[in-house]
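Lettering of chains follows the sequences in order, A, B, ..., and the numbering in each one begins at 1.
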Number of protein chains: 2
Amino acid sequence: MDTNILTSDHEQLARFAKALGHPVRVYIIELLSKQSCCFSGDLAEDLPIARSTLSQHLKELKSAGLIQGSIEPPKIRYCINGENWELARKFFGNLLQTTKPCDEQCCN
Amino acid sequence: MDTNILTSDHEQLARFAKALGHPVRVYIIELLSKQSCCFSGDLAEDLPIARSTLSQHLKELKSAGLIQGSIEPPKIRYCINGENWELARKFFGNLLQTTKPCDEQCCN
DNA sequence: TTCTTATTTCGCAAAAATACGAAATATATT
DNA sequence: AATATATTTCGTATTTTTGCGAAATAAGAA
């Protein structure tokens with residue numbers, strides 16, 4: 001039957017993508033991945049959202065496995081989760097690299 | 001002030017990511033990008049969802065700009081939207097390539 | 001014109017995401 | 001022990017997403 005058309009890979013990729021599906025979270029990830037290694041809630045000062053809301057976004061990124069945090073009282077330092085980042089990179093890379101553009105015949 | 005911390009690029013990337021944030025849509029995009037160029041609702045036969053639901057997913061991918069459809073009565077043929085695909089590729093590429101892994105000091 | 005096929009839109013319900021402020025937590029400092 | 005700081009959890013409201021079946025649409029074939 002059509003049991004396993006949707007693989008766990010599709011689900012994993014969707015999970016990563018979903019986590020990136022909000023501008024604030026894109027911003028956070030961008031910052032963590034390029035600016036420096038780790039970070040904390042100085043984010044709150046930059047972003048036009050309540051701290052509790054930011055916290056939820058961080059939680060989502062964490063539960064998607066894209067970031068991780070370590071306690072450095074009284075702060076919490078966040079950084080990219082290297083392992084899953086590598087995975088995400090691979091998944092997105094695979095998906096995005098294989099492009100067979102539409103021949104003009106087809107979709108105008 | 002903090003007016004423009006979130007740029008339209010963040011929003012665009014989030015829009016693309018959000019569109020990919022569901023296993024069914026990942027499957028569709030994967031199929032359209034690698035298998036052949038164009039496609040139609042034979043998807044409905046493969047996927048364990050109602051046709052109306054599939055239609056909604058296609059609509060979302062379309063409104064995110066990732067795919068486009070052309071009418072070939074009585075069918076509709078879908079394919080990747082090359083232009084936006086290129087854009088998405090660039091955006092995701094930028095985000096994913098720049099990885100400065102956490103030094104061990106930081107997050108354990 | 002009526003029928004068939006492929007697909008979408010509509011109306012609805014259930015679940016999840018987004019956002020906030022207030023209260024809770026945890027840990028250093030006084 | 002009391003206070004201050006950084007952050008999260010809780011309770012709540014609003015909006016969006018997901019999913020379905022039934023009805024609507026569009027176009028070719030009989």
Side-chain angles (χ1 to χ4, degrees), chain A residues 2-3 5-6 10-11 13-29 31-32 38-79 106-108, chain B residues 2-3 5-6 10-11 13-29 31-32 38-79 106-108:
Chain A
D2 52 20
T3 355
I5 295 296
L6 297 178
H10 293 126
E11 266 156 31
L13 183 39
R15 204 148 31 230
F16 286 146
K18 196 172 190 178
L20 290 173
H22 189 288
V24 165
R25 297 196 293 266
V26 169
Y27 173 83
I28 295 171
I29 288 293
L31 201 62
L32 290 182
C38 297
F39 213 70
S40 96
D42 319 69
L43 288 161
E45 287 176 0
D46 298 349
L47 290 167
I49 56 173
R51 276 154 199 276
S52 57
T53 306
L54 171 60
S55 199
Q56 276 188 183
H57 285 304
L58 289 168
K59 191 175 166 189
E60 269 187 70
L61 286 171
K62 199 158 51 174
S63 80
L66 290 177
I67 66 173
Q68 62 194 129
S70 63
I71 309 171
E72 257 174 59
K75 301 196 181 182
I76 294 185
R77 178 172 280 230
Y78 283 102
C79 36
C106 160
C107 301
N108 52 344
Chain B
D2 52 21
T3 355
I5 296 296
L6 297 178
H10 294 127
E11 266 157 32
L13 183 39
R15 206 150 27 231
F16 286 146
K18 195 173 191 178
L20 290 172
H22 190 289
V24 165
R25 296 196 293 265
V26 170
Y27 173 83
I28 294 171
I29 288 293
L31 201 61
L32 290 181
C38 298
F39 213 69
S40 96
D42 318 69
L43 288 162
E45 287 175 2
D46 298 350
L47 290 166
I49 56 173
R51 276 155 200 274
S52 57
T53 306
L54 171 60
S55 198
Q56 275 189 184
H57 284 305
L58 289 168
K59 191 176 166 188
E60 269 188 69
L61 287 171
K62 199 158 51 175
S63 81
L66 290 177
I67 65 172
Q68 62 195 127
S70 62
I71 309 171
E72 258 174 56
K75 301 195 180 181
I76 293 184
R77 180 173 281 229
Y78 283 102
C79 35
C106 159
C107 301
N108 51 346

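- When each of dG11(D), dT8(C), dG19(D) is scored by its nearest atom to the side-chain atoms of Gln56(B), the top-ranked nucleotide is dG19(D).
- Atom-to-atom, NZ of Lys75(A) to P of dT25(C) comes out at 23 Å; the value is rounded to the nearest Å.
- Applying the salt bridge (charged side-chain N to carboxylate O under 4.0 Å, His left out) definition to pairs two or more places apart or across chains, none involves residues 61-70 of chain A.
- Rounded to whole angstrom, the span from the CG atom of Leu20(B) across to the P atom of dT17(D) amounts to 14 Å.
- The closest side-chain heavy-atom distance from Leu20(B) to Leu66(B) is below 4.5 Å.
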Tabulated below should be each protein N or O lying under 3.5 Å from an N or O of nucleotides 13-15 of chain D; please produce it.
none

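- Taking five base pairs at each end of the helix from dT1(C)-dA30(D) to dT30(C)-dA1(D), the local helix axes there meet at an angle of 0°, rounded to 10°.
- Residue Leu32(A) comes nearest to Tyr78(A) through the heavy atom pair CD2-O, 3.5 Å, listed as atom of the first residue, atom of the second, then distance.
- Rounded to the nearest 0.5 angstrom, Gln68(A) CD and Ile76(A) CD1 are separated by 13.0 Å.
- The 5' end of DNA chain C is approached more closely, in terms of each residue's nearest nucleotide, by Leu54(B) than by the other of Leu54(B) and His57(A).
- Dashed line: the shortest gap from a side-chain N or O of Tyr78(A) to OP1 or OP2 of dT8(D) is under 4.0 Å.
- Side chains of Ile29(B) and Leu61(B) form a contact here, defined as non-hydrogen atoms less than 4.5 Å apart.
- Scored by the side-chain contact (heavy atoms from CB on, under 4.5 Å) test, Lys59(A) finds no partners at all (sequence neighbours excluded).
- Interatomic distance, NE2 of His22(A) versus CZ of Arg15(B), reported as 12.0 Å (0.5 Å rounding).
- To the nearest 0.5 Å, atom CD1 of residue Ile28(A) and atom CG of residue Leu43(A) are 5.5 Å apart.
- Rounded to an integer number of Å, the gap from Leu6(A) CG to dG19(D) C1' is 14 Å.
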Base-contact (B) and sugar-phosphate-only (S) positions in nucleotides 21-27 of chain D, heavy-atom cut-off under 4.0 Å, - elsewhere:
BB----S
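- As a whole-Å value, the separation of Leu43(B) CG from dT7(C) P is 9 Å.
- Nucleotide dT8(D) holds its C1' atom 15 Å from the CG atom of Leu61(A), rounded to whole Å.
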Show the atom names and distances, to 0.1 Å, of all donor-acceptor pairs under 3.5 Å that link a side chain in residues 49-57 of chain B to residues at least two apart or in another chain.
| unit_1 | atom_1 | unit_2 | atom_2 | d |
| --- | --- | --- | --- | --- |
| His57(B) | ND1 | Arg25(B) | NH1 | 3.0 |

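- Leu58(B) has its CG atom 9 Å from the P atom of dT7(C), to the nearest Å.
- In this structure, the side-chain contact (heavy atoms from CB on, under 4.5 Å) partners of Ala14(A), at least two apart in sequence or on a different chain, are Pro23(B), Val26(B).
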Restricting to nitrogen or oxygen on both sides, can you table the protein-nucleotides 13-17 of chain C pairs closer than 3.5 Å?
| unit_1 | atom_1 | unit_2 | atom_2 | d |
| --- | --- | --- | --- | --- |
| dA17(C) | OP1 | Lys18(A) | NZ | 3.1 |

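- Scanning all heavy atoms of the two residues, the minimum distance from Asp46(B) to Ile5(A) falls at O-CG1, 3.2 Å.
- One can place CG of Leu47(A) at 11 Å from P of dC20(C), the figure rounded to the nearest angstrom.
- Between the C1' atom of dC20(C) and the CD1 atom of Ile49(A) lies a distance of 11 Å, rounded to the nearest Å.
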